[in-house]
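Structure, as structure tokens:
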Amino acid sequence: MKVGILTGGGDCPGLNAVIRSVVRKGIEQYAFEFVGLRDGWRGALQNRVVPLDVSSVRGILPRGGTILGSSRTNPFQHEDGVRRVQDTLAAHDVDALVVIGGEDTLNAAAGLSGLGIDLVGVPKTIDNDVWGTDYTFGFDTAVGIATEAVDRLHTTAESHMRTLVMEVMGRHSGWLALYSGVAGGANVILVPERPFDIDEVCGWVNSRFRINYAPVVVVAEGAVPKDGKMILKDDSVDEFGHVRLSGVGEWLAREISRRTGTDARTTVLGHVQRGGTPSAFDRWLATRFGLHAVDAVKDGDFGVMVSLDGTRIVRVPLADVTGRIKTVDPSLYDEFGVFFG
Ligand code: F6P
């Protein structure tokens with residue numbers, strides 16, 4: 001059996017750990033052969049395929065990013081896209097694919113699976129928003145990076161008695177903002193799932209100043225003001241139709257400053273959250289996902305995604321998990337209200 005591997009969408013720490021475990025188990029236990037498709041679905045469209053063996057995955061477990069490259073290419077947005085993917089697989093005698101990606105990449109995988117391409121999905125993303133899995137790998141590392149940033153912002157905010165706003169990624173889900181905000185002891189946490197009232201935010205800021213502490217605000221890039229619309233600095237869209245988020249952090253600091261008459265600044269964490277070496281948990285989860293994905297290939301159980309259910313890795317039909325995202329339950333968010341202000 002010859003298996004192709006691809007990594008699609010925004011990169012995240014742990015992608016290489018999946019590639020390594022799929023290849024190691026596939027070769028050592030099942031005598032599979034492997035190739036990598038370069039840059040996600042783009043490599044499948046452009047016939048860019050590289051051999052993968054045990055020596056090519058040696059030493060990559062702690063390395064961030066992806067040795068295969070990634071892109072936000074959507075095969076369904078390209079002329080003859082499906083046929084070109086099929087041609088590439090046929091040209092290299094690839095029998096099945098392991099597709100490592102987030103919502104968009106897995107959505108395309110579900111579509112291709114429905115058209116007869118044998119594949120197994122593996123959920124990744126720092127956003128933790130893939131439906132049908134308790135966690136995606138990449139998230140834990142990003143939470144660690146963002147939490148450390150909140151810790152650092154507290155000390156400088158207090159030295160200058162100013163508000164520091166930190167904008168984190170997460171697209172339309174607030175997992176990263178909530179986890180890092182809670183772990184870092186932020187005084188305000190704003191998530192897309194709960195539109196915020198700017199007057200209430202300013203009230204929390206003022207009450208923090210009154211007890212002689214400087215406020216730290218963690219805002220998800222997808223957070224929206226009540227009665228307002230999403231604040232964006234750029235309205236270009238990718239091949240999956242997604243706008244590039246970011247801008248709410250700048251807006252918030254300006255509004256806090258204007259309304260409270262105090263100094264407020266913004267830190268946009270950006271791609272720092274996606275880079276660097278994966279946490280131990282992400283290496284563990286990514287490794288287990290890889291081992292179970294290659295088992296699914298061996299079993300001929302295609303059109304599924306491996307997922308974390310409690311502590312168990314299970315398989316769920318791709319068709320059931322794509323087309324929707326996993327967001328923060330507002331009641332979970334409300335648990336932390338006592339820390340605001
Ligand atoms: O989906 C992962 C993610 O990091 C989002 O949190 C963010 O909105 C987006 O990717 C940024 O993508 P890009 O690097 O393509 O601008």
Side-chain angles (χ1 to χ4, degrees), residues 6-16 18 39-42 64-66 68-74 77 99-109 121-133 135-147 149 166-181 189-193 218-224 230-251 266-276 278-279 282 285-286 305 321-328:
L6 69 86
T7 53
D11 73 329
C12 76
L15 289 165
N16 287 326
V18 181
D39 303 335
W41 293 118
R42 192 192 296 156
T66 160
L68 293 175
S70 193
S71 72
R72 294 196 184 276
T73 302
N74 179 356
Q77 288 296 319
V99 178
I100 310 166
E103 183 218 348
D104 293 331
T105 304
L106 295 174
N107 234 325
V122 179
K124 65 92 222 180
T125 170
I126 64 163
D127 303 342
N128 196 35
D129 64 350
V130 176
W131 184 272
T133 182
Y135 287 98
T136 52
F137 68 88
F139 174 65
D140 182 69
T141 309
V143 168
I145 294 164
T147 301
M166 184 175 94
E167 182 190 286
V168 297
M169 287 184 168
R171 228 188 253 288
H172 301 292
S173 74
W175 296 108
L176 194 43
L178 185 63
Y179 270 60
S180 60
I189 303 169
L190 304 175
V191 298
E193 294 82 351
V218 173
V219 59
E221 62 181 3
V224 274
M230 185 163 283
I231 295 140
L232 301 170
K233 54 176 190 210
D234 175 348
D235 57 9
S236 57
V237 292
D238 66 20
E239 286 191 8
F240 290 90
H242 296 302
V243 284
R244 193 173 300 159
L245 300 180
S246 185
V248 66
E250 285 290 344
W251 179 88
T266 304
T267 300
V268 179
L269 270 197
H271 294 87
V272 163
Q273 293 159 99
R274 288 200 336 219
S279 66
D282 280 337
L285 182 59
M305 176 184 89
V321 299
T322 50
R324 50 182 169 170
I325 60 165
K326 185 183 69 180
T327 53
V328 174

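Because only heavy atoms are used, hydrogens play no part in the values below, and waters and symmetry mates are left out as well, while side chains stay in. Fair warning: this is a prediction, and the values are worked out from it, not measured in the lab. Counting starts at 1 for both ligands and their atoms, following the listed order.
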Do Glu167 side-chain atoms and Val219 backbone N/O form a donor-acceptor pair below 3.5 Å?
-> no
Flag this pair as yes if the NZ/CZ of Lys326 is under 6.0 angstrom from the six-membered ring centre of Trp175 and inside a 45 degree cone about the axis; otherwise no.
-> yes
Is a side-chain donor or acceptor of Thr267 paired with a backbone partner of Met166 at a separation under 3.5 angstrom?
-> no
Is ligand 1 less than 4.0 angstrom away from at least one heavy atom of His271?
-> yes
Please work out which of Glu221, His242, Arg72 has its closest non-hydrogen atom nearest to atom 8 (O) of ligand 1.
-> Glu221
Give the residue, atom name and distance (to 0.1 Å) of the protein heavy atom nearest atom 6 (O) of ligand 1.
-> Asp127 OD1, 2.6 Å
Are the side chain of Glu250 and the backbone of Gly247 linked by a donor-acceptor contact shorter than 3.5 Å?
-> no
Please identify which atoms of ligand 1 are closer than 4.0 Å to at least one heavy atom of Arg171.
-> 6 (O)
Hey, does Gly170 come in under 3.5 Å of ligand 1, counting only N/O atoms on both sides?
-> yes
Say whether Arg244, considering both its backbone and side-chain N or O atoms, lies within less than 3.5 Å of an N or O atom on ligand 1.
-> no
shortest atom 11 (C) of ligand 1-to-protein heavy-atom contact is with Arg274 NH1, 3.5 Å
Do other residues, nucleotides or ligands put more than 12 heavy atoms under 6.0 Å from Arg244 CZ?
-> no
Is a donor on one side and an acceptor on the other found under 3.5 Å between the side chain of Thr7 and the backbone of Gly69?
-> yes
